[in-house]
Amino acid sequence: MKAQDIMTKNPATVTPTTRVRQAALVMKEEDVGVVPVVEDAAGGKRLVGMLTDRDIAIRLVADGKNADECEVRELMSANPKTARADDDVSRVMDLMGREQVRRVPIVDERGSLVGIVAQADVVLEAGDDAKAERTVEKISEKGGKHQQ
């Protein structure tokens, strides 16, 4: 099975200059905990980062910043690890475990965002229960990318 078979195609996005309050509203409207950050590029939306609800809680709220003034670029995680649509789901699972992330953005050959694979997609669709279980365990180990 390939990433394209289980990914959410064309997820909602924000730009680095989007105000954090607007990004949070996108998360609320889409019922998601992460939003890819993109810049318009010739023929697509080049992925430049990821913004999570945890980024907002830790880097904005806990630090006393103003969501109406703060731009996404101040909180996002830049240069996220990515996969391609034709990558095997097993590779995506390995990446999730190694990087300890619950979501992997899917990009094309130009680095433009085409989809996103979430931990739930892998668990529900991958079919390899043992590998899915190991992936979830690795993601949840202490010291992950988004644990501060």
Side-chain angles (χ1 to χ4, degrees), residues 1-61 65-128 131-132 134-136 138-141 143-148:
M1 182 177 295
K2 303 292 184 185
Q4 64 196 3
D5 299 324
I6 65 170
M7 73 182 188
T8 298
K9 295 174 177 68
N10 302 312
T13 62
V14 296
T15 68
T17 59
T18 301
R19 301 291 183 193
V20 174
R21 181 173 309 282
Q22 184 60 41
L25 288 172
V26 169
M27 289 179 181
K28 179 180 178 181
E29 290 167 6
E30 297 293 322
D31 192 26
V32 296
V34 65
V35 63
V37 183
V38 299
E39 291 180 336
D40 285 331
K45 295 178 177 183
R46 186 174 63 85
L47 181 71
V48 296
M50 298 288 281
L51 179 71
T52 68
D53 49 7
R54 190 167 197 284
D55 292 330
I56 294 171
I58 301 298
R59 297 179 182 158
L60 181 112
V61 176
K65 295 180 181 176
N66 183 328
D68 290 316
E69 295 174 3
C70 185
E71 292 184 345
V72 166
R73 75 172 79 244
E74 297 176 49
L75 309 180
M76 72 181 197
S77 296
N79 304 312
K81 299 294 184 190
T82 62
R84 298 281 184 90
D86 61 351
D87 282 345
D88 192 75
V89 170
S90 179
R91 181 192 177 285
V92 177
M93 292 169 73
D94 289 342
L95 180 61
M96 285 178 161
R98 186 173 59 251
E99 295 296 317
Q100 292 186 283
V101 294
R102 290 177 169 77
R103 301 153 194 102
V104 173
I106 308 300
V107 297
D108 65 15
E109 63 281 348
R110 296 169 305 193
S112 291
L113 182 72
V114 296
I116 193 164
V117 172
Q119 175 181 313
D121 300 324
V122 169
V123 171
L124 293 173
E125 304 293 337
D128 184 348
K131 180 148 185 155
R134 286 191 307 275
T135 300
V136 172
K138 285 182 182 178
I139 290 169
S140 301
E141 287 176 355
K145 288 214 178 278
H146 298 290
Q147 296 180 3
Q148 296 182 7

Least distance between heavy atoms, Met50 atom then Val34 atom: CE-CG2, 3.6 Å
Closest heavy-atom pair and its distance - Pro80, Leu47: CG-CD2, 3.6 Å
Donor-acceptor contact present, side-chain Arg19 to main-chain Glu69, <3.5 Å: yes
Rounded distance (nearest 0.5 Å) linking atom CD1 of Ile6 with atom CD1 of Ile106: 8.0 Å
Heavy-atom pair of closest approach, residues Val104 and Val101: CG2-CG2, 4.2 Å
N/O donor-acceptor pair under 3.5 Å between Asp55 side chain and Thr52 backbone: yes
Gap separating the CG atom of Asp53 from the NZ atom of Lys28, nearest 0.5 angstrom: 14.0 Å
Electrostatic pair Asp86-Lys2, nearest N-O below 4.0 angstrom: no
Salt bridge (Lys or Arg N to Asp or Glu O under 4.0 Å) partners for Arg84, two or more places apart: none
Heavy-atom pair of closest approach, residues Lys81 and Pro105: O-CD, 3.4 Å
Closest approach of Leu51 to Val37 (non-hydrogen atoms, all atoms of both residues): N-CG2, 4.1 Å
Contacts of type side-chain contact (heavy atoms from CB on, under 4.5 Å), residue Asp31, not counting sequence neighbours: none
Check against salt bridge (Lys or Arg N to Asp or Glu O under 4.0 Å), Asp68 and Arg21: CA-CA 6 Å; Asp68 290 316; Arg21 181 173 309 282; 2.6 Å; yes
Rounded distance [0.5 Å steps], OG1 in Thr8 versus CZ in Arg103: 11.0 Å
Thr82 OG1 to Ile116 CD1 distance, which is reported to the nearest 0.5 Å: 11.5 Å
Pairwise side-chain contact, Val48 with Met76, heavy-atom cut-off 4.5 Å (strictly under): yes
Qualifying residues under side-chain contact (heavy atoms from CB on, under 4.5 Å), relative to Lys65, sequence neighbours excluded: Leu60, Asp63, Cys70, Glu74, Leu75
Name of the residue among Val89, Val92, Val122 meeting side chain to side chain contact (heavy atoms under 4.5 Å, CB included) with Met1: Val89
Point-to-point distance, once rounded to the nearest 0.5 Å, from CZ of Arg73 to OG1 of Thr15: 8.0 Å
Asn79, CG atom: more than 12 neighbouring heavy atoms under 6.0 Å: no
Distance-minimising heavy-atom pair for Pro36 and Pro11: CG-CG, 4.2 Å
Distance (rounded to the nearest 0.5 Å) between Ser77 OG and Arg54 CZ: 10.5 Å
